[in-house]
Protein chains: 4
Amino acid sequence: MPDSSRRNEKSRRAILTAAFELAGEVGYGKLSIEGIAARAGVGKQTIYRWWPSKGAVLFDAFLMMSEGETGELPYTGDIERDLKTVLRATVAELRDERYDLPMRALNTEMMHDPELARTYTERLEEPMRDMKKSRLRKAVEDGQLSDVDLDVAVDVIWGPITVRWMNRSGPLTEEFADVVVETALSGLRSPVA
Amino acid sequence: MPDSSRRNEKSRRAILTAAFELAGEVGYGKLSIEGIAARAGVGKQTIYRWWPSKGAVLFDAFLMMSEGETGELPYTGDIERDLKTVLRATVAELRDERYDLPMRALNTEMMHDPELARTYTERLEEPMRDMKKSRLRKAVEDGQLSDVDLDVAVDVIWGPITVRWMNRSGPLTEEFADVVVETALSGLRSPVA
Amino acid sequence: MPDSSRRNEKSRRAILTAAFELAGEVGYGKLSIEGIAARAGVGKQTIYRWWPSKGAVLFDAFLMMSEGETGELPYTGDIERDLKTVLRATVAELRDERYDLPMRALNTEMMHDPELARTYTERLEEPMRDMKKSRLRKAVEDGQLSDVDLDVAVDVIWGPITVRWMNRSGPLTEEFADVVVETALSGLRSPVA
Amino acid sequence: MPDSSRRNEKSRRAILTAAFELAGEVGYGKLSIEGIAARAGVGKQTIYRWWPSKGAVLFDAFLMMSEGETGELPYTGDIERDLKTVLRATVAELRDERYDLPMRALNTEMMHDPELARTYTERLEEPMRDMKKSRLRKAVEDGQLSDVDLDVAVDVIWGPITVRWMNRSGPLTEEFADVVVETALSGLRSPVA
DNA sequence: CCATAACCGAGACGGTACGTCATGTCTTCCA
DNA sequence: TGGAAGACATGACGTACCGTCTCGGTTATGG
């Protein structure tokens, strides 16, 4: 197995950058190890030596890009307002050409590679989910939300956005983001009942 | 352009069946036109003549499989109970090996092929969505649900399930289905507020 | 088996013309039955019905083209002069783009199809050879040639030309034609001997 | 362009051997790059990397086979006797199944590929022609032949054999070889003249 | 003078091979 | 020894033709 202490950092960054860019330029279908190596000015073996799959490269590329991206969701004291802010930002990002294609590429790999999905969940999704749950928890403490399972709450709020993006099953707009937040907060049940 | 009146129906069915089965057996990554043609006992050209892409074949395979599948969602008068029944069934199907892999394959293709996504939406998603909205509409009439945007309601209910399935971001169980229904119906907001 | 009395003469001519032209335009390698049928505005089956092979079509095309071509070689009384005239004409024809490629195509087919070679020999080569032998016989009668095997004589005179054309083993010029005639007539042996 | 220093010699030999054998077994029409690759246990790309065409492979196969084949034509002092010896050997070789088909295949390719014909001429034909001219030159020095153009002499002697082989226009026997030699040496012209 | 059998155009079909591209492994050579 | 370079066996791609096979739509006799 390779000795990572001898690893060439410049090559590593060149590969990840090339992978991310190519995913955005040519799309998932035409994203190839050969292409990444050529763009990065690197031998193919250098990729195969350090990553087990195309998806793993892509994942690391995301990791590098999102490095230092962090911290907390906004807190104004009004959970509805804050969730709308966040979801609108998410929608904007998903509509951004620069992120759309690479994210689709990564999602595709995850879809068929449970191991990659697990790693992704651990390294990228969980931290983000924790941020989300953290904000929701504060809202519970503020008496704005009832004491539900926060994981389910996250899924109910962010799930609809993700699905629309993936399947293009409807327009992915800021209005949609707002309505999702309102609906998730108020529930579907008639208040009379 | 091919003359569809001369089309060989037997070959068509053999191709769609082979595509569905292979998607289930070898997964998306190893699903090839050559493999489908070989399994179906058909020349490759016969596939290329009638379908523009691997995704289109897969889509037609789903169409054939879901032919006559239909009608209405259950109606007992209790929307919560009925939604739980439906979502539990959905979860069961998504966990069924026979459907999991082919669906992932189709979703992958849709993810990168907007035209295919559009067709899918029109031919398969819309009808199902209409069934769902129809059941929800009855619940509104029954005074069980408030008068929300039904498309958003559908996304809020079914979105979390779909996302967990796709990304394997958490366990996809019947309990999860139940909690999603309860949360979506009651909303996250504290009743005190 | 097909009833040739019902045969469509127009189609037949269109096929042969198309075959000859295409052989000249695209060369042997890209000459296809499909191409001939398309150019002739004819169904493929009409070709397969009447000819056993591509070579047979080509052969018939030559037969049609050389119809009525004939009679006798020139006779001025001087065999050397006459042979030079004939060989120069042959060289000119072989250098003519319009005949070069189709002839190469036909020769290729004959090379690998003994049956076709036999038919060609009978129908086209023998008549031409008879004309050649006829002229040589007259030269024998005129006391200009000794009484050799005329078939061998024909091969010795025309063989060198044919080989140079086929293999491009040297320049195929009128001068070459002249020298071949002179050499074949005089022989290689030193007159002293 | 490929770096020939990295070339795998074992693959090269396997390809050339396979090409020669297959040409002899299945004939020109069914000789395919795929078939050669399969027989040689080699990827198709390895053939496409190093040779521009099927004909070039075949040519190299001949080159390999005729390696070290050489030297000089027999010299007993009697040119007629020696030429008969050589032409009889040529006839025998052309009638040998092991050489007939591969040679036809190579000739076919040369016929349609001037570049290949040029290479063949340079690398295989010229050396053989030089041997032939060398023997004829000695005969001239011995006073057995007159001082004719030796290239034409070679064509007059060997041309008839080649043409009969290619076109099967007559029986290719040792008797024919003898008569061709006699006729070429004595000439056709009547000795009286 | 129609009926019926053939030819005809068109082109779908199961195949084979094409020439290209990417895979993941291996080897060579350089720093 | 890590890395750039790239040859290698493998296998899928999408295309071109093969030779066979229907499908209607004309001919063109022969009963």
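The chains referred to below are lettered A, B, ... by the order of the sequence lines, with proteins before strands, and numbering in each begins at 1. Since the model is a prediction, treat every value here as computed from it, not as a measurement.
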Measure from [atom1] on [X] to [atom2] on [N] and round the result to the nearest Å.
X: Ile47(B); N: dG15(E); atom1: CD1; atom2: P; value: 12 Å
X: Asp3(D); N: dA4(F); atom1: CG; atom2: P; value: 18 Å
X: Ile36(D); N: dC18(E); atom1: CD1; atom2: P; value: 8 Å
X: Ile15(C); N: dC7(E); atom1: CD1; atom2: P; value: 13 Å
X: Trp51(B); N: dC13(F); atom1: CH2; atom2: C1'; value: 18 Å
X: Lys54(A); N: dA22(E); atom1: NZ; atom2: P; value: 10 Å
X: Asn8(D); N: dG6(F); atom1: CG; atom2: C1'; value: 13 Å
X: Glu34(C); N: dT16(E); atom1: CD; atom2: P; value: 17 Å

Problem - Side chain of Arg49(B) (C-beta onward), nearest among dA7(F), dA12(E), dG14(F) - result: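 Closest nucleotide to the Arg49(B) side chain: dA12(E).
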Practice task
Compare the minimum distances between each of dC18(E), dA9(F), dG19(F) and the side chain of Tyr48(D), then state the nucleotide with the smallest one.
Solution key: dC18(E)
Problem - Which residue lies more 5' along DNA chain E, comparing Ser32(A) with Glu9(C) via nearest heavy atoms - result: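 Closer to the 5' end of DNA chain E: Glu9(C).
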State whether [X] places a side-chain N or O below 4.0 Å from either non-bridging phosphate oxygen (OP1 or OP2) of [N].
X: Ser11(D); N: dA9(F); answer: yes
X: Trp50(B); N: dC13(E); answer: yes
X: Arg7(C); N: dC7(E); answer: no
X: Arg6(D); N: dT27(E); answer: no
X: Thr46(B); N: dA12(E); answer: no

Handout entry: Short side-chain to backbone donor-acceptor contact, Ser32(B) and Gly35(B), under 3.5 Å
Key =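 Here the side-chain-to-backbone pair exists.
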Handout entry: Given DNA chain F, 5'-ward residue of the pair Leu31(B) and Gly43(D), judged by closest heavy atom
Key = Gly43(D)
Practice task
Return yes if the base of dC8(E) and the side-chain atoms of Gln45(C) contain a donor-acceptor N/O pair under 3.5 Å, otherwise no.
Solution key: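 No such pair is found, so the answer is no.
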Practice task
Return yes if the base of dG9(E) and the side-chain atoms of Lys44(C) contain a donor-acceptor N/O pair under 3.5 Å, otherwise no.
Solution key: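 Answer is no: no donor-acceptor pair is held.
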Practice task
Assign Gly35(B) to base, sugar-phosphate, or nothing according to its heavy-atom contacts below 4.0 angstrom with the strands shown.
Solution key: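 Nothing, no nucleic acid heavy atom in range.
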Problem - Spatial distance of atom CZ (Phe20(B)) from atom CG (Leu63(B)) [nearest 0.5 Å] - result: 12.0 Å
Problem - Residue Arg13(C) excluded, over 12 heavy atoms near CZ under 6.0 Å - result: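 At most 12 heavy atoms, drawn from other residues, nucleotides or ligands, come within 6.0 Å of this atom.
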Problem - Neighbour count above 12 (heavy atom, 6.0 Å) for Glu9(B) CD - result: yes
Exercise for the section: Can you spot which of Lys54(A), Arg104(A), Glu109(A) makes a side chain to side chain donor-acceptor pair (under 3.5 Å) with Tyr28(A)? Expected result: Glu109(A)
